[in-house]
Peer 1: 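Structure provided below as structure tokens; questions to follow.
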Amino acid sequence: MTIKKKQATKGEAVMQSYEQHLETQRERVLHQLINYGCYKAKDGRHLYELSMLELKTMYTEIQKQRINSVLGER
């Protein structure tokens, strides 16, 4: 007796691909923040505890600070 593996429907495959894309994007933002020397949020939580929205907001704030510091040096 062989057990057939359930094949994913097209919708399930698309959803799985989207979830993988989001996780890859989240990891990229995490690594960028770590490269900037950020390891925790202002409230003390570690980066891995933050949502994607919180990570992107933090990244945007740091980018603005970096741009302002470069423009201020001129």
Side-chain angles (χ1 to χ4, degrees):
M1 177 178 188
T2 60
I3 299 174
K4 287 187 176 182
K5 214 176 184 185
K6 180 184 171 192
Q7 289 192 352
T9 65
K10 185 175 182 178
E12 290 171 335
V14 168
M15 188 62 157
Q16 184 180 13
S17 175
Y18 180 69
E19 289 171 353
Q20 288 172 345
H21 169 73
L22 288 179
E23 186 58 31
T24 301
Q25 188 177 19
R26 186 173 191 279
E27 289 293 322
R28 189 176 307 126
V29 174
L30 277 168
H31 289 288
Q32 289 170 333
L33 288 168
I34 291 168
N35 286 338
Y36 289 151
C38 298
Y39 304 100
K40 290 187 178 183
K42 291 177 183 176
D43 63 6
R45 289 182 292 161
H46 291 276
L47 296 181
Y48 289 98
E49 299 176 83
L50 303 179
S51 70
M52 183 63 169
L53 178 60
E54 292 171 311
L55 290 170
K56 282 193 163 194
T57 300
M58 190 173 173
Y59 177 76
T60 301
E61 289 173 3
I62 290 170
Q63 286 292 82
K64 286 179 184 177
Q65 290 172 0
R66 291 171 56 95
I67 289 169
N68 288 337
S69 69
V70 168
L71 292 177
E73 292 175 2
R74 291 183 179 182

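Everything numeric here is computed off the predicted structure, so don't read it as measured data. Note: hydrogens, waters and symmetry copies are ignored here, and every other heavy atom, side chains too, is used.
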Peer 1: Can you give the donor-acceptor pairs under 3.5 Å from side chains of residues 17-27 to other protein atoms, not counting sequence neighbours?
Peer 2:
from : atom 1 : to  : atom 2 : distance (Å)
T24  : OG1    : Q20 : O      : 2.9
R26  : NH2    : Y48 : O      : 3.2
R26  : NH2    : L50 : O      : 2.5

Peer 1: Looking at residues at least two apart in the chain, or sitting in another chain, which of them share a side chain to side chain donor-acceptor pair (under 3.5 Å) with R45?
Peer 2: D43, E54
Peer 1: If I take atom CG from residue L33 and atom NZ from residue K40, how far apart are they, to the nearest 0.5 angstrom?
Peer 2: 15.0 Å
Peer 1: Is the number of heavy atoms from other residues, nucleotides or ligands under 6.0 Å of M52 CE greater than 12?
Peer 2: yes
Peer 1: Compile the donor-acceptor pairs under 3.5 Å between side chains in residues 59-67 and protein atoms, sequence neighbours left out, one pair per line.
Peer 2:
from : atom 1 : to  : atom 2 : distance (Å)
Y59  : OH     : Q63 : NE2    : 3.4
T60  : OG1    : K56 : O      : 2.9
Q63  : OE1    : Y36 : OH     : 2.9

Peer 1: Nearest 0.5 Å, what's the CG-CG distance between L47 and L55?
Peer 2: 6.5 Å
Peer 1: When Ile, Leu, Val, Met, Phe, Trp and Tyr are grouped by side-chain heavy atoms lying under 4.5 Å apart, directly or through other members, which residues fall in the same group as V14?
Peer 2: none
Peer 1: For the hydrophobic clusters of this structure (ILVMFWY residues joined by side-chain heavy atoms under 4.5 Å, transitively), does one cluster hold both Y39 and M58?
Peer 2: yes
